[in-house]
2 protein chains.
Amino acid sequence: MERNTLGQRSTRQRDVIAEVIRTAAGPLTVQEILARAQADVHGLGVATVYRTLKLLQEGEQVRTVILPTGETRYEAAGLGHHHHFHCRVCDEVYDLDACPVRLPESRAIAPGFVVESHELTFYGTCRRCA
Amino acid sequence: MERNTLGQRSTRQRDVIAEVIRTAAGPLTVQEILARAQADVHGLGVATVYRTLKLLQEGEQVRTVILPTGETRYEAAGLGHHHHFHCRVCDEVYDLDACPVRLPESRAIAPGFVVESHELTFYGTCRRCA
DNA sequence: TCGATACTGATACCACGTTCTCGATAGCCT
DNA sequence: AGGCTATCGAGAACGTGGTATCAGTATCGA
């Protein structure tokens, strides 16, 4: 049988991992994904999380986010333009729909430097920790 | 002799490395620092670059910048609030004095989420690559 | 100038995040 | 239901960025 692109099996592990990411309030670390998924799949291993993340990335359902702290996190793809809020108190990371970046019409942030996209991370205190 | 805070020796290696960082147009990678410093100090090794970076960081003269690509770079401390522009063509990273982030008076980017600081990276084409 | 010793370069080593290996298990097609 | 085989979990192995080691060298106070 040839290596099929979409013919992966549907397993409980994959379903749960995908669901964890889909319902998260922000990008998650591998450890967070593992912990949350383990609540549903007892005995789940890290290797499976990494394997599933790779599959989901190849299927354009998940993308990688690297925060300015160097932490690698994963979030659902196709959320549209958004940014992240990193709470200094609880260290949780949240999605933010608001984009407070105001560029000039020309998209030139400085003479000759034309902006195509940007990545923005906020630091502060989240609603729960206020 | 006790461990002195400022009593390090002044060496050609350290002077050159500090100068390279001080005169850069943006944050540099270790390899970039090494390459540029080697132009002045033949035979300079990476270990010395790492050691000097550590010293400069402890002396608050240099700070670490981790870009959304995951790349670790080093820049002069005390440049004031600024952001970075990563050219997609030449991969060079430049400092930007402009800050196009417009927050509400309350500093609340969303209900309950109060912003204290932010990190912003732009992607696009730089002046030279335009 | 001289000596004590901080510093250097090369390289071995380490930590940590991720991937691979392999025997056991479970999905799914017939 | 039965069998093929993709997937699983555990742990070994890997890659990479950064640090420690060590013998030789350079700095700097006396």
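Quick note on labels: first sequence line is chain A, next is B, and so on, each numbered from 1. Worth knowing before you read on, the calculation uses all heavy atoms, side chains too, and leaves out hydrogens, waters and symmetry mates.
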Go through the steps to decide whether B:Arg73 and B:Glu71 satisfy the test salt bridge (charged side-chain N to carboxylate O under 4.0 Å, His left out), and finish with yes or no. CA-CA 6 Å; B:Arg73 287 172 175 260; B:Glu71 215 178 39; 2.7 Å; yes

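Nearest heavy atoms, A:Glu75 versus A:Ile21: C-CG2, 3.9 Å. Considering every non-hydrogen atom in both B:Pro100 and B:Phe122, the closest pair reads CG-CZ, 3.5 Å. Here the closest non-hydrogen pair linking B:Cys126 and B:Cys87 is N-SG, 3.4 Å.
Near DNA chain D, meaning a heavy atom under 4.0 Å away, there are no residues from residues 54-61 of chain B. For the segment residues 13-33 of chain A, the set of residues with a heavy atom within less than 4.0 Å of an atom of DNA chain D comprises A:Gln13, A:Arg14, in numerical order.
Residue A:Tyr50 has no polar side-chain atom (N or O) positioned under 4.0 Å from OP1 or OP2 of D:dG9.
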Tabulated below should be each protein N or O lying under 3.5 Å from an N or O of nucleotides 27-30 of chain D; please produce it.
| residue | atom | partner | partner atom | Å |
| --- | --- | --- | --- | --- |
| D:dT27 | O2 | B:Arg9 | NE | 3.4 |
| D:dT27 | O2 | B:Arg9 | NH1 | 3.0 |
| D:dT27 | O2 | B:Arg9 | NH2 | 3.1 |
| D:dC28 | OP1 | B:Ser10 | N | 3.1 |

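For the ring-ring contact (aromatic ring centres under 6.0 Å, His included) test, residues two or more places apart in sequence or in another chain that qualify with A:His84 are A:His82. Every residue meeting the salt bridge (Lys or Arg N to Asp or Glu O under 4.0 Å) condition with A:Arg36, not counting sequence neighbours, appears here in chain and number order: A:Glu92.
One interatomic measurement links the two molecules: NE2 of B:His42 to C1' of C:dG9, which rounds to 12 Å at whole-angstrom precision. Counting to the nearest Å, the C1' atom of D:dT7 and the CG atom of A:Leu53 are 16 Å from each other.
Sorted by first and then second residue, the pairs that involve residues 112-130 of chain A and meet salt bridge (Lys or Arg N to Asp or Glu O under 4.0 Å), not counting sequence neighbours, are A:Arg63-A:Glu119, A:Glu116-B:Arg88.
The cluster map of Ile, Leu, Val, Met, Phe, Trp and Tyr, joined by side-chain heavy atoms under 4.5 Å apart, puts B:Leu96 and B:Leu103 in the same cluster.
The 12-atom threshold is not exceeded at CD of B:Glu60, counting heavy atoms of other residues, nucleotides or ligands nearer than 6.0 Å. The neighbour count for B:Asp97 CG, taken as heavy atoms of other residues, nucleotides or ligands under 6.0 Å away, does not exceed 12.
Checking D:dG18, D:dC8, C:dT11 against the side-chain heavy atoms of A:Thr48 singles out D:dC8 as nearest.
For B:Arg51 against D:dG18, a side-chain-to-base donor-acceptor contact under 3.5 Å is absent.
A ring-centre distance under 6.0 Å is not found for B:His118 and A:His86.
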